[in-house]
Amino acid sequence: DSGVTQTPKHLITATGQRVTLRCSPRSGDLSVYWYQQSLDQGLQFLIQYYNGEERAKGNILERFSAQQFPDLHSELNLSSLELGDSALYFCASSEESSGSSGDEQFFGPGTRLTVL
Amino acid sequence: GEDVEQSLFLSVREGDSSVINCTYTDSSSTYLYWYKQEPGAGLQLLTYIFSNMDMKQDQRLTVLLNKKDKHLSLRIADTQTGDSAIYFCAEIQNTGTASKLTFGTGTRLQVTL
C-alpha cells in the first residue's frame, strides 16, 4: 500500500459525459501528479500540482482539467468524454516539487475509466 | 523527441536471470527509474539510479547505466514467478521547479516454471 488513495476504482460512463476522479496523496506529500495509461498511448504524464498550484503540464487535453485543494487532495475532471478516453488514470504523490533530489513518486491503484 | 524505448516482452525460466533494457532520450535526466506494475495494480518503484553512477545493486536487482549510449538495464537475479509483471523504465525531466516522469513503453516479463 503506497498511501495514495484514488476513488472510484472503476467508472463506466457514456460518450459526451463528464466525470471527476479523486486522489488523496500520502500524508505530508505536497505534490500530486496525474498519469493516463492506455493501450495505444502507454503511460503518459498529464499534469502536476504542488501545494495547490499547477507546476507542470504534459499531454493533457483541453477537455481535461485538474485542481489541488487546500487539504492537498486533487481532482481530475474529464469532460465531453470520447471512446478513446477509456484508460487507467493514476495519481502519484511526492514530498517535493522538483526531481533534483530523486524525489520518489508513490502511485495510487488507479481509476479504470470505461467510456461506452 | 521524448520516446523512451523498451522491448515489449521477455520470457525467462524460474531461477534464471532476467535483463530488461531501456533506451532513453534526455541526456540531462538526473535520475532514471525502474517501476514494476503487477496485473490490476498501480506502479511500484523498484529502484533508481543517479545519472553520475554506472551501476547500482539492490539485493536481486542490478541497474546498469551507459550514459554515453543513453542505455539503462535492469537485471533480476534468480527470477521468481512473483517477478512476472510489466516493468517500466522512466526518466525525469526537471524544469527547475517541477519534474516530469517520462515512461518507457513497458516490458512484460513472463516467468515460466
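By convention in this document, chain letters (A, B, ...) are assigned in the order of the sequence lines, proteins followed by strands, and residues within each chain are numbered from 1. FYI, side chains are in, hydrogens and waters are out, and symmetry mates aren't considered; it's all heavy atoms of this structure.
No more than 12 heavy atoms of other residues, nucleotides or ligands shown are found within 6.0 angstrom of CD on Glu53(A). In the displayed structure, Arg108(B) atom CZ is contacted under 6.0 Å by at most 12 heavy atoms of other residues, nucleotides or ligands. Atom CG of Leu39(A) sits in a sparse spot, with 12 or fewer heavy atoms from other residues, nucleotides or ligands closer than 6.0 Å.
Note: the hydrophobic cluster containing Leu64(B) does not contain Tyr24(B) (ILVMFWY, side chain heavy atoms under 4.5 Å, direct or indirect links). Trp34(B) and Met53(B) end up in the same hydrophobic cluster when Ile, Leu, Val, Met, Phe, Trp and Tyr side chains are linked at under 4.5 Å.
Using a 4.5 Å cut-off between heavy atoms, Gln37(B) contacts chain A through its side chain alone, with no backbone atom that close. Proximity to chain B (any heavy atom under 4.5 Å) is shown, for Gln41(A), by neither the backbone nor the side chain.
For the pair Leu101(B) and Phe45(A), the tightest heavy-atom approach, listed with the atom from each and the gap, is O-CB, 3.8 Å. Nearest heavy atom pair, residue Phe107(A) against residue Leu43(B), reads CB-O, 3.4 Å.
Taking CD of Gln105(A) as the reference point, atom OH of Tyr33(B) lies at 7.0 Å (rounded to 0.5 Å).
The side-chain heavy atoms of Tyr35(B) and Leu43(A), taken from C-beta on, include no pair separated by under 4.5 Å.
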